Amino acid sequence: MLQKKDLSEGEEQHDSAVVELPGIPIAPCRQKSEPGVYFILDKASLVAAYVGKKYQILNPEEHASFLRKKNKNPYDFRPDIIHEALLQIMSSRLCMAGRLRAIFIRTDEGILIRVEPNTQIPKTLGSFCNMMVQLLQKFSIKATGNHGKIMRLIENPITKHLPINSCKIGLSSSSPKAVQLRDYVSAANHNENLVFVVGAMAHGKIDADYIDDLISVSSFSLSAGTCLRRICIALERNWNIE
Ligand SMILES: C[S@@+](CC[C@H](N)C(=O)[O-])C[C@H]1O[C@@H](n2cnc3c(N)ncnc32)[C@H](O)[C@@H]1O
């Protein structure tokens, strides 16, 4: 073990001299000093039910007559929106560069899900729905070949899971505050994490009484997937991710 007394006078004055203390490893602790981004996908439709003998996530393609018999509008059941939203985020350079910290899904029914950045989202809607059914039944999903959980149900409220130093930004086409995303993110505090709240529903507004700002990013009503892609591109430019 290298003791401070073993160093020559010159070395002792050197700023980078490393002194090992019992029980404290020399290897530097890797801290996430760079700010990152969190996404909250609000009011997502992930409703599971037994159709025949099989427990399934309801969607208008397969379950329209089942839903109509129950006096429900099949087009209120849209797992494709959350599927597309997750694919957009996970395929971004922002995620590849390690700046995505987590995605939270809040379903229409108030279930809260944490999705880790290393999650492989199935490309087809059918496989994605199978994954979500498994999650709702088992409360978590592990990555294959490794013991870490990639998705898990977590307790409400969402605010309990967000970092203290974060700015929470809600998106709504009806917000009177119209911004250019690129300018907006470059003006953000560079030491703060950013949390974007985007609706994963077909109609309606996000429910976010905890947000710091509510912005509109286009004069059109965009899909959640388009909004998320635009946020990722704006952050990639701002953080010089090529
Ligand atoms: C299909 S939209 C929901 C419909 C609703 N007209 C709206 O924009 O709030 C899905 C989500 O995308 C986001 N969004 C869509 N267009 C937007 C816009 N022009 N500005 C900001 N956010 C928008 C909102 O978060 C919205 O909840």
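As the structure lists them, so they are numbered: ligands from 1, and atoms in each ligand from 1. In what follows, residues are counted from 1 in the order of the sequence shown. This structure is a prediction, so every number in the text was calculated from the model and none was measured.
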As an exercise, identify every atom of ligand 1 less than 4.0 angstrom from a heavy atom of [X].
X      : value
Gly204 : 3 (C), 4 (C), 5 (C), 7 (C), 9 (O)
Ile215 : 21 (C)
Ser216 : 20 (N), 21 (C)
Phe220 : 16 (N), 18 (C), 19 (N)

Nitrogen or oxygen atoms of [X] and ligand 1 under 3.5 Å apart:
X      : value
Val198 : no
His203 : no
Leu222 : yes
Ser219 : no
Met201 : no
Val197 : no
Val217 : yes

Quiz item: cation-pi between Lys70 and Phe66, 6.0 Å / 45°: yes
Approximate separation, where rounding is to 0.5 Å, of Ile150 CD1 and Ile141 CD1: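 Answer rounded to 0.5 Å: 6.0 Å.
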From the candidates Ala200, Cys227, Ala85, the one that places a heavy atom nearest atom 13 (C) of ligand 1: Cys227
Ser140 and Lys142: side chain donor to acceptor below 3.5 Å: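 On atom types as modelled, these side chains do not qualify, holding no pair under 3.5 Å.
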Side-chain H-bond candidate by donor/acceptor type, Ser223 with Thr226, under 3.5 Å: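 Yes, Thr226 and Ser223 have a side-chain donor paired with an acceptor closer than 3.5 Å.
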Parallel, tilted or perpendicular: ring planes of Tyr38 versus Phe104, cut at 30 and 60 degrees: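 Ring orientation, 0 to 90° scale: parallel.
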Lys149/Glu116 salt bridge by N-O under 4.0 Å criterion: no
Lys/Arg N to Asp/Glu carboxylate O, Arg93 vs Glu242, below 4.0 Å: no
Whether Asn193 side chain and Gly36 backbone form a donor-acceptor pair below 3.5 Å: yes
Taking atom 24 (C) of ligand 1 as the reference point, the nearest protein heavy atom with its distance: Leu171 O, 3.2 Å
Leu153 side chain near Leu112 side chain, heavy-atom distance below 4.5 Å: no
